[in-house]
Amino acid sequence: MPRGRVATYGQVARLAGLAGQARIVGYALAALPQGTSLPWHRVVNALGGISQRAEGPYGHIQRARLEKERVSFDGRGRIPLERFRWRPGAGRASL
DNA sequence: ATAGTGACTGGAA
DNA sequence: CTTCCAGCCACTA
């Protein structure tokens, strides 16, 4: 997962061999400690937006981090997945 | 052991 | 385009 690229829960789940179990990915991320080195902020829902649980400071932090990663949001607070979706193997195709 | 909930997804209306 | 319904598995009570 390089910077400036995001992945959906479903995508991560599939890559983890958990096809269809996106919720488990979300649950796993929810259980992550604060000081984790995992790029949890690059994981978004299928709409390319920040998910519910992030109603606290996390949503703001995640969005801020993504913007800092050159990831842009649209007027509805959603990311154009067509443009920022991480393609394993395709790598640096658009950047 | 069952029942309910959850950082979700995809198809149908 | 948006909203609703069903499926999926792990964790908690």
Side-chain angles (χ1 to χ4, degrees):
Chain A
M1 263 186 110
R3 302 196 313 199
R5 203 110 310 165
V6 298
T8 65
Y9 291 93
Q11 185 178 359
V12 174
R14 183 177 298 199
L15 290 172
L18 300 172
Q21 293 77 289
R23 321 186 96 146
I24 301 178
V25 176
Y27 198 94
L29 293 179
L32 287 175
Q34 297 179 350
T36 182
S37 54
L38 295 174
W40 58 272
H41 56 273
R42 295 187 197 139
V43 183
V44 296
N45 61 28
L47 299 177
I50 312 298
S51 295
Q52 300 291 36
R53 151 53 195 281
E55 60 183 46
Y58 289 98
H60 181 76
I61 294 171
Q62 183 170 7
R63 173 157 180 168
R65 279 191 169 195
L66 288 174
E67 289 183 316
K68 191 164 58 179
E69 300 290 325
R70 305 295 95 111
V71 177
S72 60
F73 289 74
D74 65 1
R76 297 193 185 99
R78 296 189 303 197
I79 302 169
L81 291 177
E82 292 298 314
R83 191 170 144 191
F84 291 100
R85 165 120 54 168
W86 172 48
R87 287 183 173 175
R92 70 288 278 166
S94 298
L95 272 171

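Computed from a predicted structure; not experimentally measured. Chain letters run A, B, ... following the sequence lines, proteins first, then strands; residues in each count from 1.
Within residues 13-21 of chain A, the residues having any heavy atom under 4.0 Å from DNA chain C are, by residue number, A:Gln21.
Using modelled atom types, no side-chain atom of A:Glu69 and backbone atom of A:His41 make a donor-acceptor pair closer than 3.5 Å. Checking side-chain atoms of A:Arg87 against main-chain N and O of A:Arg85 turns up no donor-acceptor pair under 3.5 Å.
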Apply the test side chain to side chain contact (heavy atoms under 4.5 Å, CB included) to residues A:His60 and A:Ile50: give CA-CA distance (whole Å), side-chain angles for both, the deciding distance (0.1 Å), then the verdict. CA-CA 9 Å; A:His60 181 76; A:Ile50 312 298; over 6 Å; no

Take A:Tyr58 and A:Trp40, measure what side chain to side chain contact (heavy atoms under 4.5 Å, CB included) needs, and give me the verdict at the end. CA-CA 11 Å; A:Tyr58 289 98; A:Trp40 58 272; 4.1 Å; yes

Side chain to side chain contact (heavy atoms under 4.5 Å, CB included) assessment of A:Leu15 paired with A:Val12: CA-CA 5 Å; A:Leu15 290 172; A:Val12 174; 5.6 Å; no

Assess the residue pair A:Ile79 and A:Leu66 against the criterion (side chain to side chain contact (heavy atoms under 4.5 Å, CB included)); give the C-alpha distance rounded to whole Å, side-chain angles, the decisive distance to 0.1 Å, and a yes or no. CA-CA 10 Å; A:Ile79 302 169; A:Leu66 288 174; 3.9 Å; yes

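The distance between atom CD of A:Gln11 and atom C1' of B:dA7, rounded to the nearest whole Å, is 16 Å. In this structure, A:Asn45 atom CG and B:dG10 atom P are separated by 11 Å, rounded to whole Å. If you measure from atom OH of A:Tyr58 to atom P of B:dG6, you get 18 Å, rounded to the nearest angstrom. As rounded to whole Å, 13 Å separates atom P of B:dT9 from atom CZ of A:Arg78. To the nearest angstrom, P of B:dG6 lies 9 Å from CZ of A:Arg23. Between the CD1 atom of A:Ile61 and the P atom of B:dA7 there is a distance of 17 Å, rounded to whole Å. Atom CG in A:Leu66 sits roughly 13 Å away from atom C1' in B:dA7 (whole-Å rounding).
Side-chain atoms of A:Trp86 and A:Val43, non-hydrogen and from C-beta on, never get closer than 4.5 Å to each other.
Phosphate proximity of B:dC8 to A:Thr8: absent, as no side-chain N or O sits under 4.0 Å from OP1 or OP2.
Across all non-hydrogen atoms, the minimal contact from A:Leu29 to A:Tyr9 is CD1-CE2, 3.6 Å. The two atoms that bring A:Met1 and A:Arg42 nearest to each other are O-NH1, 2.7 Å, heavy atoms only.
Remark on DNA chain C: of its neighbouring residues A:Arg76 and A:Ile24, the 5'-side contact belongs to A:Arg76, judged by nearest-heavy-atom nucleotide.
Of all nucleotides in DNA chain C, those with any atom nearer than 4.0 Å to a heavy atom of chain A start and finish, going 5' to 3', at C:dT2 to C:dC11.
A:Tyr9 comes within 4.0 angstrom of a nucleotide base, judged by non-hydrogen atoms across all strands. Counting any heavy atom pair closer than 4.0 Å across all strands shown, A:Ala46 reaches sugar-phosphate atoms only and no base atom.
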